[in-house]
K.L.:
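Provided herewith is a single structure, encoded as structure tokens, for subsequent inquiry.
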Amino acid sequence: MTGFIRFKDRVEIDFPENQVTLIAGENGSGKTSILDAICCALYGTTFRTSGRAASGFLDLADLINHESPKAEVAVEFENHGHNYVVTKAITPSTSRGELLEDGETKAIGTGVYDYVRNFAIGLDWEGFRKSTVILQGEMSALTNLLPAERKQAFKKLFGLSLIH
């Protein structure tokens, strides 16, 4: 799968096929915002919004820049010979998404997440989260483990615990 993310009229980031991409930068430089944008567009949730507010998680509206009335993101990628564009717009009170496959609208609203899961990517949120992104704290913890513990951690991280 290849793709890039475009922040409306701002930044475009390319993710080359079959390569690991490291996102590095100073605290507050927007690393997590990049991941939030991708996850929000594709799955309607992010690492920071995938729980209850009472547990310290954010609402999608909390991801909007305080100087802007709304957030907009487009994620474009190719998978299995098809080109996909997923757009997401968030205001303080609503959010709206749309998915195009080869230029044709295939899903709108919450249907985007079902289409991503069942056709465009083939992974649900948990599968995507576990197989595509390793957060800094998770990687640091892995480097300090003994080989047998590291193997168990990878099984857990990638949901492979049922495989012998």
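Predicted, not measured: the structure shown is a model, and the values here were computed from it.
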K.L.:
Looking at Glu78, is its backbone amide N or carbonyl O close enough to the side chain of Asn83 to form a donor-acceptor pair, meaning the two atoms are under 3.5 Å apart?
P.N.:
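Absent.
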
K.L.:
Apply side chain to side chain contact (heavy atoms under 4.5 Å, CB included) to the pair Tyr43 and Val116, showing each step before the final yes or no.
P.N.:
CA-CA 8 Å; Tyr43 291 97; Val116 164; 3.6 Å; yes

K.L.:
Do Thr105 and Glu98 pair up side chain to side chain, a donor and an acceptor below 3.5 Å, judged on atom types alone?
P.N.:
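A donor-acceptor contact under 3.5 Å links the two side chains.
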
K.L.:
What is the minimum heavy-atom distance between Ala37 and Val75, and which atoms define it?
P.N.:
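The pair with the smallest heavy-atom distance is O-CG2, 4.3 Å.
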
K.L.:
Between Tyr115 and Thr110, does the side chain to side chain contact (heavy atoms under 4.5 Å, CB included) criterion hold? Intermediate values first, please.
P.N.:
CA-CA 9 Å; Tyr115 202 88; Thr110 58; over 6 Å; no

K.L.:
Take atom NZ of Lys70 as the centre, draw a 6.0 Å sphere, and report whether it contains more than 12 heavy atoms from other residues, nucleotides or ligands.
P.N.:
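Open: at most 12 neighbouring heavy atoms sit under 6.0 Å from NZ of Lys70.
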
K.L.:
So which heavy atom on Lys88 is nearest to which on Gly44, and how close?
P.N.:
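Minimum heavy-atom separation between Lys88 and Gly44: NZ-CA, 4.4 Å.
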
K.L.:
Take Phe77 and Ile121, measure what side chain to side chain contact (heavy atoms under 4.5 Å, CB included) needs, and give me the verdict at the end.
P.N.:
CA-CA 10 Å; Phe77 61 97; Ile121 294 179; 3.9 Å; yes

K.L.:
Closer than 3.5 angstrom, by distance alone: can the side chain of Asp124 be matched with the main-chain N or O of Arg117 as a donor-acceptor pair?
P.N.:
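Pair absent, no side-chain N/O of Asp124 close to backbone of Arg117.
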
K.L.:
Return the CD to CD1 distance between Glu72 and Ile90, rounded to the nearest 0.5 Å.
P.N.:
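Going from CD on Glu72 over to CD1 on Ile90, the span is 10.0 Å.
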
K.L.:
Which heavy atom in Val112 sits nearest to a heavy atom in Ala41, and how many Å separate them?
P.N.:
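Minimum heavy-atom contact is CG1-O, 3.9 Å.
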
K.L.:
Quick check: closest heavy atoms across Cys40 and Tyr113, and the distance to 0.1 Å?
P.N.:
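Between these two residues, the closest heavy atoms are O-CE2, 4.0 Å.
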
K.L.:
Can you find a heavy atom in the side chain of Leu100 that is under 4.5 Å from one in the side chain of Tyr84?
P.N.:
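A side-chain contact is absent here, since even the closest heavy-atom pair is not under 4.5 Å.
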
K.L.:
List the atom of Leu99, the atom of Ala120, and the distance in Å for their closest heavy-atom pair.
P.N.:
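Closest pair (atom of Leu99, atom of Ala120, distance): CD1-CB, 4.4 Å.
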
K.L.:
Could you tell me whether a side-chain N or O of Lys31 sits under 3.5 Å from a main-chain N or O of Gly25, the two making a donor and an acceptor?
P.N.:
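At least one qualifying donor-acceptor pair exists.
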
K.L.:
Restricting to non-hydrogen atoms, name the atom on Pro92 and the atom on Pro69 that form the minimum distance, rounded to 0.1 Å.
P.N.:
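Minimum heavy-atom contact is CD-O, 3.3 Å.
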
